[in-house]
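Labels below follow one simple rule: chain letters A, B, ... track the order of the sequence lines, proteins then strands, and each chain is numbered from 1. Predicted model only: the values in this text are computed from it and were never measured.
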There are 2 protein chains.
Amino acid sequence: MASDRVTMEDVAARAGVSRALVSIVFRGVAGASDATRERVLAAARELDYRPDTRASRLGRSRTRMIGVTFSVGAAFHGDLLQSLYTHADAAGYEVVLSGVTPERSESAAVETLLAERCEAIVALGSTLGAGELGRLAAQLPVVSVLRAVSGGVDVVRTDDAAGLQLAVAHLVELGHERIALLDGGRAAGAAERRRGYRAGLRRAGGLPEHVYPGGLTELEGASSATEFLALERDRPTAVTAFNDRCALGFIDVVRQAGLRVPHDVSVVGFDDISQAAYPHVGLTTVRQDAEQLGTAAIRTVDARLSGAAPGPATVIDPELVVRTSTAPLLSGG
Amino acid sequence: MASDRVTMEDVAARAGVSRALVSIVFRGVAGASDATRERVLAAARELDYRPDTRASRLGRSRTRMIGVTFSVGAAFHGDLLQSLYTHADAAGYEVVLSGVTPERSESAAVETLLAERCEAIVALGSTLGAGELGRLAAQLPVVSVLRAVSGGVDVVRTDDAAGLQLAVAHLVELGHERIALLDGGRAAGAAERRRGYRAGLRRAGGLPEHVYPGGLTELEGASSATEFLALERDRPTAVTAFNDRCALGFIDVVRQAGLRVPHDVSVVGFDDISQAAYPHVGLTTVRQDAEQLGTAAIRTVDARLSGAAPGPATVIDPELVVRTSTAPLLSGG
DNA sequence: CTGCGCTGCTAGAGCGCTCTAGTGCTCCTA
DNA sequence: TAGGAGCACTAGAGCGCTCTAGCAGCGCAG
């Protein structure tokens, strides 16, 4: 309970060198012989010494910290965090997390990151207004992941519009002509996806639009399903949802109503969360690549901190993953 | 991009006071007149000053930081984090997050928290061995949330055994006699729940055990369902699962196989994640109270840091939430 | 008028690192 | 043998706060 009072000074004394030398060893920079290095590390080990990151950050000219705001509980943010941790580490940065909850606003989350003196901020699925983000970006590099924003903010996102075009094209190819969209409202990427949906219909020769409110979770997918089921005639034969969770909620309800998926209605999701790939689910979906998004975010931060000018948005191509929730339209559908 | 060079010194100069006075104002302690306080805050506002938490932590004798390790992507951990943020703040502590991912071990996560000089560690659903946790606890207060551990570590958890007894009693009351358990293996709380399940059966007059491997996600629930469906005769009429996700996966598969829930099989989950309450899901479940668990964790940390001896584990009573996934056994079941 | 307690404020020594600007030393080359 | 070049290492001044001591000034009891 008291071993934490060990400082660099103690290690230096024990190893018979100066404090500076210990610092050199622990930072892993050149300037110490292998023998000394080993001696210092041994002394540290014996004392159970651990460099104090608070002090090290203060002393350093650059903190090399990247602040990340994320939505506590959002599955896909979890995937992104994993990728961010890995690549930040590889590029010599430290990740500082700041969670957003219903009771802890994104502004508050950002505020603590600024107070920590992070060098850049990576905002996952930010819901901050363009103005607020712009003001932030005037102070330090800001990367908006998943959400397109204009004005000085770097953006790393999936090509949402292309994703929905893939989905629609897939359904069209299967013979569907009444294709519905479960929308995402004001969520990150929703506007783009809506655009992609419309473009897809247009390209297929001007198929009719069927837009349901939709939303981010199973709950909204389910209520859209109820609305969908209420339709007596000319019901869509295929549905493409804002995201996987929404799609899953939709499927759940239509199945309980006796419809078969994909026999009676084909469903496409978006994200490719791990659940979608479970064999009993087999959701056809548009895959967002968390790994690539994470790499790109870190690369962008690194470039900006190295003085690069804000480039165009990094847009990652999505990929259609065909599973068993989509099938050819049955004649007479 | 350069406003970050503003320091306490600058604010002091602008307000015409000493650095120390600015510190007093920002820490909110006594020792400054209201007029001066206002003047300092105004100066700070004009300069867009923000105290540097790195420096403040270094200077302080106590860091008042609570390190929290959590599993990135675990829905229930999200609920807990929310509660922790709120109560830590109220008690004057700062929460420092350290995420665990498949590529970032819990040990690594803990290591960074120690290097930050957190005063205590709250581990959510820790998978660390008792030995490792014990060694940690020798250095600083450690609270294991959700998982029971022995040896110097404070524990805050739900009464898992009681939870399963509630579930079993509920099913017994509905007339079920063949009640299966979808187990949780080595997961936090699984052993306790198994014990509760057995105790429940015993109390009901020694009903037979039916244990399926189960697991933490829908995937494992689904494979247990496959196994369940393969049973030709004397199939259980009710199932209680390790957690909600597992229960949901189970339901999904048996429904696709044509069974009706709860008509043909009743299902009880554990946790009460938000999905369970969705109307189209209506999962009967044993509710773990994230809010209470979070409060208790912070209270425990606070007590320990104030010199209290490690008390007995805080065990929160779970609550059975009856929804529509359970029903009385049909005669001839 | 002295002495005391208070309030409001300041000086300055840390906190535990980083990092620049050295100081010796050995080894090489001219 | 002098004059570098390089390597291993050290001294010491920060980094931006916190916090203990202490000081000035005021009101008030004795």
Do [X] and [Y] get their side chains close enough for a donor-acceptor pair, meaning under 3.5 Å?
{"X": "A:S23", "Y": "A:R27", "result": "yes"}
{"X": "B:S98", "Y": "B:T112", "result": "yes"}
{"X": "B:S33", "Y": "B:T36", "result": "yes"}

Does [N] have OP1 or OP2 sitting under 4.0 Å from an N or O in the side chain of [X]?
{"X": "B:S33", "N": "C:dT7", "answer": "no"}
{"X": "B:T36", "N": "C:dG8", "answer": "no"}
{"X": "B:S18", "N": "C:dT10", "answer": "yes"}
{"X": "B:R54", "N": "C:dC15", "answer": "no"}
{"X": "A:S61", "N": "C:dT18", "answer": "no"}
{"X": "B:T7", "N": "D:dG16", "answer": "no"}
{"X": "B:R5", "N": "D:dG16", "answer": "yes"}
{"X": "A:R27", "N": "C:dC19", "answer": "yes"}

Return whichever of B:R39 or B:R60 has its heavy-atom-nearest nucleotide of DNA chain C closer to the 5' end.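 Of the two residues, B:R39 wins.
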Gap between atoms [atom1] and [atom2], on [X] and [N] respectively (whole Å):
{"X": "B:L21", "N": "D:dT18", "atom1": "CG", "atom2": "P", "result": "13 Å"}
{"X": "A:I24", "N": "C:dC19", "atom1": "CD1", "atom2": "C1'", "result": "9 Å"}
{"X": "B:R64", "N": "D:dT18", "atom1": "CZ", "atom2": "C1'", "result": "15 Å"}
{"X": "B:F26", "N": "D:dC17", "atom1": "CZ", "atom2": "C1'", "result": "12 Å"}
{"X": "B:R50", "N": "D:dC17", "atom1": "CZ", "atom2": "C1'", "result": "16 Å"}
{"X": "B:D52", "N": "D:dC17", "atom1": "CG", "atom2": "P", "result": "5 Å"}
{"X": "B:M8", "N": "C:dG12", "atom1": "CE", "atom2": "P", "result": "18 Å"}
{"X": "A:R19", "N": "C:dG16", "atom1": "CZ", "atom2": "P", "result": "11 Å"}

Could you tell me, to 10°, how much the axis swings from one end of the helix from C:dC1-D:dG30 to C:dA30-D:dT1 to the other, five pairs per end? 60°
May I ask you to say what A:A32 touches in the nucleic acid, namely base, sugar-phosphate or nothing, with a heavy-atom cut-off under 4.0 Å?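 Since only primed, P, OP1 and OP2 atoms lie under 4.0 Å of A:A32, the category is sugar-phosphate.
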Candidate list B:R54, B:R117, B:E116, test side-chain contact (heavy atoms from CB on, under 4.5 Å), partner A:T53, passing option: B:E116
Tell whether B:R57 reaches the base of D:dT18 with its side chain through a donor-acceptor pair below 3.5 angstrom.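 Answer no: no donor N or O sits under 3.5 Å from an acceptor.
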I'd like to check B:T158 versus B:D289 (side-chain heavy atoms, cut-off strictly below 4.5 Å). Are they in contact? no
All side chain to side chain contact (heavy atoms under 4.5 Å, CB included) counterparts of B:E132, not counting sequence neighbours: B:S107, B:L128, B:R135
Is a salt bridge present between B:E38 and B:R45, judged by a nitrogen-to-oxygen distance below 4.0 Å?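 Salt bridge present between B:E38 and B:R45.
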Any salt bridge between A:E94 and A:R64, counting N to O under 4.0 Å?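 No salt bridge links A:E94 with A:R64.
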